[in-house]
Number of protein chains: 2
Amino acid sequence: MSGQQDRREGRGFTDRELDIMSVLWREGSGTVAEVRETLGDDVGYTTVLKILQILEEKGAVRHEQEGRAYRYFPLVESVSAGGRALSRIVNKIFHGSAELLLATLVEDREFSEAEIERMRSILDRAGRKEDDGISPRDPSAK
Amino acid sequence: MSGQQDRREGRGFTDRELDIMSVLWREGSGTVAEVRETLGDDVGYTTVLKILQILEEKGAVRHEQEGRAYRYFPLVESVSAGGRALSRIVNKIFHGSAELLLATLVEDREFSEAEIERMRSILDRAGRKEDDGISPRDPSAK
DNA sequence: TGCTGTCAACGATAACCTTCGTAGCACTGG
DNA sequence: CCAGTGCTACGAAGGTTATCGTTGACAGCA
């Protein structure tokens, strides 16, 4: 009989926590009222406050006094949270295959030609970096 | 005071549930003992059984009698679970930008030239589909 | 026949998530 | 001065997750 380990650090975000982190990442910062407003979802003031306090306890956000209210700032970067979440998905769901992940992504969504082009150039950069600086590939795109 | 909605359907998987689904996806099926063995993690027999029962209640797996034991089979496909998880991440963490997701992915991992090539061709296929059949791009790779 | 090992089912336990109600504090318009 | 407003802090209710202990069924064997 042991319950479960301390999730108060290192782990990913829960649904609601992610909703709120998402707002802070997009907006850069927010007071309780602002976050609640942006969420739009019909969620109580004290609920948002509570979750921000929990996130602070986890070290994911910090706050500054602003007038009589607190302004919250994200401490965890969205990319780093995203990297962890992606790792988890690649390993657990896509058997470690990033290709399969990419295939699923392009299957599920409709991309414009411009988006695909930009994604292609992301891969080109990765390929060049691997090749130690010289690219044997034609970089012409348009 | 309202608690929270029924998570027993439609939602994503929790950590442990995902561990176990991952085994079933990789192996195709498994008895409680097999899954527990494959997990390797030091987790009790009844714990694995319980989670399989919960997954069954959620409609994610089914079982067949095999001798005296049950053999469990995944009902939810890994790609469809992956698609949902990806959607969530793209929207909440990467502001809806799949490019940013891809950039993070190639940043975090080291890909071989072959892998990058295969990922490129996934994008090529998506581009052609969008272009209604004709690709103006040089497909030479090697 | 009675012991032992394997298994599913049931129920308990402890931690956690999400949602708020309520209280307390500082300030502001009458 | 006092009621109201806007905040944060405290803590509890109700549901979920993860982990097992225990029980009872059953099969093989000594």
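Not measured: the values here are computed from a predicted model. In the text below, chain A, chain B and the rest are named by the order of the sequence lines, each starting its count at 1.
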- [ ] Measure from the side-chain heavy atoms of K58(A) and tell me the nearest of dT8(D), dC17(C), dT18(C).
- [x] dC17(C)
Open item on the list: Just the rounded figure in Å: distance from C1' of dT16(D) to CZ of R16(B).
Closed with: 16 Å
- [ ] Fit a plane to each ring of H63(B) and Y70(B), take the angle between them on a 0 to 90° scale, and name the class: parallel (under 30°), tilted (30 to 60°) or perpendicular (over 60°).
- [x] parallel
TODO: Check whether any side-chain nitrogen or oxygen of R68(A) sits under 4.0 Å from OP1 or OP2 of dC27(C), and answer yes or no.
DONE: no
Open item on the list: With a 4.0 Å cutoff (strictly under), does any side-chain N or O of T47(B) reach OP1 or OP2 of dC20(D)?
Closed with: yes
Task: 5' priority, DNA chain C, between V43(A) and Y72(B) [closest heavy atom] - done: Y72(B)
TODO: Give the rounded distance in Å between these two atoms: NZ of K50(A) and P of dT22(C).
DONE: 16 Å
Task: E17(B) CD - dT16(D) C1' separation (whole Å) - done: 10 Å
Task: Q65(B) CD to dC7(C) P, straight-line distance once rounded to whole Å - done: 12 Å
TODO: Indicate whether OP1 or OP2 belonging to dG21(C) is found under 4.0 Å from a side-chain N or O atom of T46(A).
DONE: no
Task: Between P of dT19(D) and CZ of R36(B), the distance in whole Å - done: 12 Å
- [ ] Kindly say if Y70(A) contacts the phosphate of dA9(D), meaning a side-chain N or O under 4.0 Å from OP1 or OP2.
- [x] yes
Task: Contact check, side chains of L101(A) and L86(A), non-hydrogen atoms, under 4.5 Å - done: yes
Task: Separation of dT8(D) P from E64(A) CD (nearest whole Å) - done: 14 Å
Open item on the list: Side-chain N or O of Y45(A) versus OP1/OP2 of dG21(C): is the shortest distance under 4.0 Å?
Closed with: no
- [ ] Examine dA9(D): is either OP1 or OP2 under 4.0 Å from a nitrogen or oxygen in the side chain of Q53(A)? Give yes or no.
- [x] yes
- [ ] Verify the distance criterion only: is there a donor paired with an acceptor across the side chains of R71(B) and S29(B) at less than 3.5 Å?
- [x] yes
Task: Length of the CD1-P vector between I54(A) and dC17(C), whole Å - done: 7 Å
Task: Y45(B) OH to R36(B) CZ distance, which is reported to the nearest 0.5 Å - done: 9.0 Å
Task: Rounded distance (Å) that lies between atom C1' of dT16(D) and atom CG of D15(B) - done: 13 Å
Open item on the list: Please check this pair: side chain of S121(A) against backbone of D124(A), looking for a donor-acceptor N/O pair closer than 3.5 Å.
Closed with: no
